[in-house]
Visitor: 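My structure is below; once you've seen it, I'll send some questions.
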2 protein chains.
Amino acid sequence: MTTRIPIEVSARHIHLSQSDLEALFGSRYELKKLKQLTQPCDFAAEEKLSIRVSDRIIDNMRIVGPVREETQIELSMTDAINLGVTPSVRMSGDTKGTPGVVLIGPAGQVELKQGVIIAVRHIHCATNEAKALKLKNSSIISILVKGPREITFHNVKVRVRDDYKLCVHLDTDEGNAAGINRVGEGYLVKK
Amino acid sequence: MTTRIPIEVSARHIHLSQSDLEALFGSRYELKKLKQLTQPCDFAAEEKLSIRVSDRIIDNMRIVGPVREETQIELSMTDAINLGVTPSVRMSGDTKGTPGVVLIGPAGQVELKQGVIIAVRHIHCATNEAKALKLKNSSIISILVKGPREITFHNVKVRVRDDYKLCVHLDTDEGNAAGINRVGEGYLVKK
């Protein structure tokens, strides 16, 4: 229980396919990079969208680039309750049968049939970091967060890739429950 | 790890002093009981209030009766961030030095100097239940919640009183982080 692991809290955000990006922002549109994120493959884009379910709207949702194969909306359960949808807890990319939503952009709207998930809490690590920590891709670990709202998160999915960087990703409900605002740290708990 | 404990998620709510109740609803006003809560001493009132900090408002906040010595607003950290206040995690009643808020009722407003807290996660139990579970008032335990969002909540404060009924109270961030919507159950973890 001695290995400290950085933790980042992911606020609600959107990944867009190229075709949805163009439907929302215009033909041949390209996302503008606002900020590089910790994972070298991801950046926060300057662009934001509104999402709507019936008469409920969440404005100013950040887009995370680059574009992906499929559009996906990642909410916290608090967001989902406010919006009136009941997504399940899924791995990124696993959107089959999830709720849809209307995306509202400056150049148009997209009526998504599916794509809203609550992301499974997970830990990114590079191949060498995984080896050093004796973690295998797709395995499940626990992370202890100390402090006044001390918590152990179980069912933390391990995601290993050469270009990843060691970091646990929680959503805002999980971060708030553990007293973490944006960034924090935890400890790998081995059984 | 075999004792099942009921869990309830407390949404944001307000406890009012008699003088604040009268300032907000009118002279000699009495709260109307909407629903008895699990703890025999508490009820959800029919009445709701808005709370305001600068230009940010949360509407429709439920009042929990009966009236208390001091007015207190219990928020989740998500609520607090949305409202733009930074309360600390406190035991109910411990409001010294906490942020204030403007309460807006049908008959008037009250500018509270302090009173906004995030409640410490806690477990209520009757004296005989505490004895059976070998729990002492004010001690600290851990509660495991199973399921896809499996979590162990540490620093759960034990509150023993003759008229309490066995139940863990979490806020909405904690409930959502554990995949609990309103009610669930957990297991007492003994060290």
Side-chain angles (χ1 to χ4, degrees), chain A residues 7 9-12 58-60 75-91 94 117-122 140-157 168-182 184 186-187 189 191, chain B residues 7 9-12 58-60 75-91 94 117-122 140-157 168-182 184 186-187 189 191:
Chain A
I7 296 176
V9 178
S10 300
R12 54 181 178 261
I58 297 180
D59 288 317
N60 294 318
L75 300 180
S76 70
M77 197 181 287
T78 297
D79 296 329
I81 291 167
N82 289 340
L83 199 60
V85 289
T86 52
S88 48
V89 178
R90 297 281 187 103
M91 286 294 290
D94 176 18
I117 67 166
I118 294 171
V120 172
R121 56 181 81 127
H122 57 276
I140 298 292
I141 60 164
S142 295
I143 296 286
L144 168 65
V145 179
K146 297 189 176 183
R149 305 196 106 187
E150 195 160 307
I151 257 181
T152 304
F153 292 105
H154 308 290
N155 285 352
V156 180
K157 187 93 164 180
V168 170
H169 278 182
L170 303 176
D171 73 8
T172 46
D173 288 333
E174 294 167 328
N176 288 336
I180 299 173
N181 187 9
R182 294 168 187 267
Y187 296 84
V189 180
K191 289 188 182 175
Chain B
I7 296 176
V9 177
S10 300
R12 53 180 177 262
I58 298 179
D59 287 317
N60 294 319
L75 300 180
S76 70
M77 198 182 289
T78 297
D79 295 329
I81 291 168
N82 289 341
L83 199 60
V85 290
T86 52
S88 47
V89 178
R90 298 280 186 103
M91 287 295 290
D94 176 17
I117 67 166
I118 295 172
V120 172
R121 56 182 78 127
H122 56 275
I140 299 293
I141 60 163
S142 295
I143 296 286
L144 168 66
V145 180
K146 296 188 175 183
R149 304 197 107 186
E150 195 161 308
I151 259 180
T152 304
F153 292 105
H154 309 290
N155 285 351
V156 181
K157 187 95 166 179
V168 170
H169 278 181
L170 303 176
D171 74 7
T172 47
D173 288 334
E174 294 168 327
N176 287 337
I180 300 172
N181 186 9
R182 293 166 188 269
Y187 296 85
V189 180
K191 288 188 181 175

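Letters go in sequence order (proteins before strands), and every chain restarts at 1.
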Visitor: Kindly compute the distance separating CE (B/Met77) from CD1 (A/Ile180), expressed to the nearest 0.5 Å.
Guide: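 So the CE of B/Met77 and the CD1 of A/Ile180 are separated by 9.5 Å.
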
Visitor: Hey, could you give me the CZ/CZ distance between B/Arg149 and A/Arg121, rounded to the nearest 0.5 Å?
Guide: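 Here the interatomic distance stands at 6.0 Å.
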
Visitor: Any idea which of B/Thr152, B/Val145, B/Ile118 has the most non-hydrogen atom pairs under 4.5 angstrom with chain A?
Guide: B/Thr152

Visitor: Are there residues of residues 168-179 of chain A whose heavy atoms fall under 4.5 Å of chain B's heavy atoms? If so, which?
Guide: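 Under the 4.5 Å heavy-atom cut-off, A/Asp171, A/Asp173, A/Glu174, A/Asn176, A/Ala177, A/Gly179 qualify.
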
Visitor: Where the side chain of A/Asn155 meets the backbone of B/Gly147, is there a donor-acceptor pair that is under 3.5 Å apart?
Guide: yes

Visitor: Out of curiosity, B/Ile81 CD1 to A/Arg182 CZ, how far, rounded to the nearest 0.5 Å?
Guide: 8.0 Å

